Amino acid sequence: MSSGTAHPGSDDLFRFEGFTLDLRLGRLSGPSGDVPLRPKAFALLAYLARHAGRVLAKAELMDAIWPDVTVTDESLSQCVHALRIALGEAGAKLIRTVPRRGYLFDVPTEAKPQHAAIAASPFATDTAIPAARQGSIAVMPFEFAPSVSPEDRLWFDGSVHDLISQLARLRSFDVIARGSTFALRDLAGDPVRAGLTLGVAYVLAGSVA
């Protein structure tokens with residue numbers, strides 16, 4: 001694990017390996033001054049910093065950085081490459097490729113302050129959730145009874161997508177991207193396992209008969 005620490009004085013300020021990422025000002029500064037980044041590269045760094053210490057699937061990153069736009073792995077790879085160059089010698093150490101899983105921003109992070117609670121109940125488990133993930137939630141796709149028509153299934157899937165988008169706008173929660181939860185549709189009826197797999201504190205699940 002890297003020696004630096006990404007520790008926000010607020011949810012908008014992160015410091016690591018001599019760099020300061022200020023989300024309010026949209027600026028990354030380093031030992032030699034401001035570091036220029038393209039908008040998507042900056043958005044990717046912000047997402048990585050807010051999820052430091054957790055392996056992020058490529059699908060989750062692409063959903064977060066390119067919402068409602070179809071992109072290939074190449075777009076993500078180019079953004080990661082640009083960030084590593086911008087971060088200099090620390091780049092490869094900070095942004096690690098985890099084979100067959102995704103990327104890891106390898107800097108420990110302190111817990112973010114809690115601003116609100118959610119009606120969904122935390123899943124029952126003896127496994128401790130890291131402090132930095134206590135405000136995290138995954139919205140799972142609905143389970144469908146065999147009688148539910150394909151058209152209705154599409155409508156409810158769209159509703160889940162909308163709910164995820166709305167929750168993501170709340171700064172109080174770390175919301176898992178749609179691509180990651182829908183990839184685990186088979187676990188929709190097992191919120192405990194889904195929560196452990198995704199590393200979240202809360203799971204919102206439902207069914208349609």
Side-chain angles (χ1 to χ4, degrees), residues 1-8 11-109 112 132-133 136 138-139 157 160-162 164-165 167-169 171 173-185 197-200:
M1 192 67 73
S2 301
S3 58
T5 301
H7 46 94
D11 288 346
D12 297 315
L13 188 65
F14 298 85
R15 295 188 178 91
F16 49 87
E17 297 288 343
F19 291 90
T20 299
L21 178 65
D22 191 329
L23 303 187
R24 295 165 299 179
L25 300 178
R27 183 171 66 189
L28 173 68
S29 57
S32 301
D34 286 353
V35 180
L37 289 175
R38 292 182 179 273
K40 291 300 183 184
F42 185 90
L44 177 59
L45 181 59
Y47 196 85
L48 289 170
R50 282 180 163 167
H51 299 79
R54 179 168 73 88
V55 178
L56 302 171
K58 291 182 179 180
E60 176 178 347
L61 291 171
M62 289 189 287
D63 272 358
I65 308 306
W66 292 273
D68 302 318
V69 176
T70 301
V71 297
T72 65
D73 287 1
E74 182 62 22
S75 296
L76 178 60
S77 297
Q78 289 177 0
C79 261
V80 170
H81 180 66
L83 283 180
R84 285 172 173 163
I85 292 177
L87 295 171
E89 294 182 0
K93 179 175 63 172
L94 287 170
I95 305 175
R96 289 176 46 202
T97 300
V98 181
R100 295 183 296 278
R101 295 184 62 190
Y103 294 98
L104 168 70
F105 193 60
D106 197 8
V107 178
T109 183
K112 295 178 182 178
R133 301 288 292 160
S136 56
V139 182
D157 280 351
V160 172
H161 185 198
D162 292 342
I164 291 172
S165 297
L167 286 173
R169 294 177 181 177
R171 299 170 61 82
F173 300 111
D174 175 6
V175 184
I176 299 300
R178 177 182 184 276
S180 295
T181 56
F182 273 67
L184 299 176
R185 183 187 286 274
T197 301
L198 294 167
V200 297

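Note that this is a predicted model, so its numbers are computed, not measured.
- Counting heavy atoms from C-beta outward, Leu48 and Leu56 have side chains that approach closer than 4.5 Å.
- Here the shortest heavy-atom pairing between Gly53 and Leu104 reads C-CD1, 3.4 Å.
- Phe105 is listed as a side-chain neighbour of Ile95, based on a closest heavy-atom distance under 4.5 Å.
- With sequence neighbours left out, Thr97 forms a side-chain hydrogen bond (donor to acceptor under 3.5 Å, both in side chains) with Arg84.
- The shortest side-chain heavy-atom distance between Arg50 and Asp174 does not fall under the 4.5 Å cut-off.
- With sequence neighbours excluded, the residues that form a side chain to side chain contact (heavy atoms under 4.5 Å, CB included) with Lys40 are Ile65, Trp66, Cys79.
- Annotation: the span from Arg15 atom CZ to Asp22 atom CG amounts to 9.0 Å, rounded to 0.5 Å.
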Atom pairs and distances, side-chain donor-acceptor, residues 178-185, under 3.5 Å, sequence neighbours left out:
| from | atom 1 | to | atom 2 | distance (Å) |
| --- | --- | --- | --- | --- |
| Ser180 | OG | Glu60 | OE1 | 3.4 |
| Thr181 | OG1 | Val139 | O | 3.4 |
| Thr181 | OG1 | Arg178 | O | 3.1 |
| Arg185 | NH2 | Asp157 | OD1 | 3.2 |
| Arg185 | NH2 | Asp157 | OD2 | 2.8 |

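- Taking each heavy atom of Val55 and Gly102 in turn, the nearest pair found is CG1-N, 4.3 Å.
- The CG atom of Leu45 lies 8.5 Å from the CG atom of Leu23; values are rounded to the nearest 0.5 Å.
- Taking both residues in full, the closest heavy atoms of Tyr47 and Leu61 are given as CD2-CD2, 3.6 Å, listed atom of the first, atom of the second, then distance.
- Here the side chains of Leu44 and Leu76 are in contact, with some heavy-atom distance below 4.5 Å.
- The NZ atom of Lys93 sits 11.0 Å away from atom CG of Leu87, with the distance rounded to the nearest 0.5 Å.
- Taking every heavy atom of both residues into account, Tyr103 and Ser77 meet most closely at OH-OG, 4.0 Å.
- Nearest approach of Leu83 to Ala41, heavy atoms of both residues: CD2-O, 3.4 Å.
- Side-chain contact between Asp73 and Met62: present, with at least one pair of heavy atoms (C-beta onward) separated by less than 4.5 Å.
- When all heavy atoms of Phe14 and Ala49 are compared, the closest pair comes out as CE2-O, 3.7 Å.
- For CD of Glu74, the number of neighbouring non-hydrogen atoms (other residues, nucleotides, ligands) closer than 6.0 Å is greater than 12.
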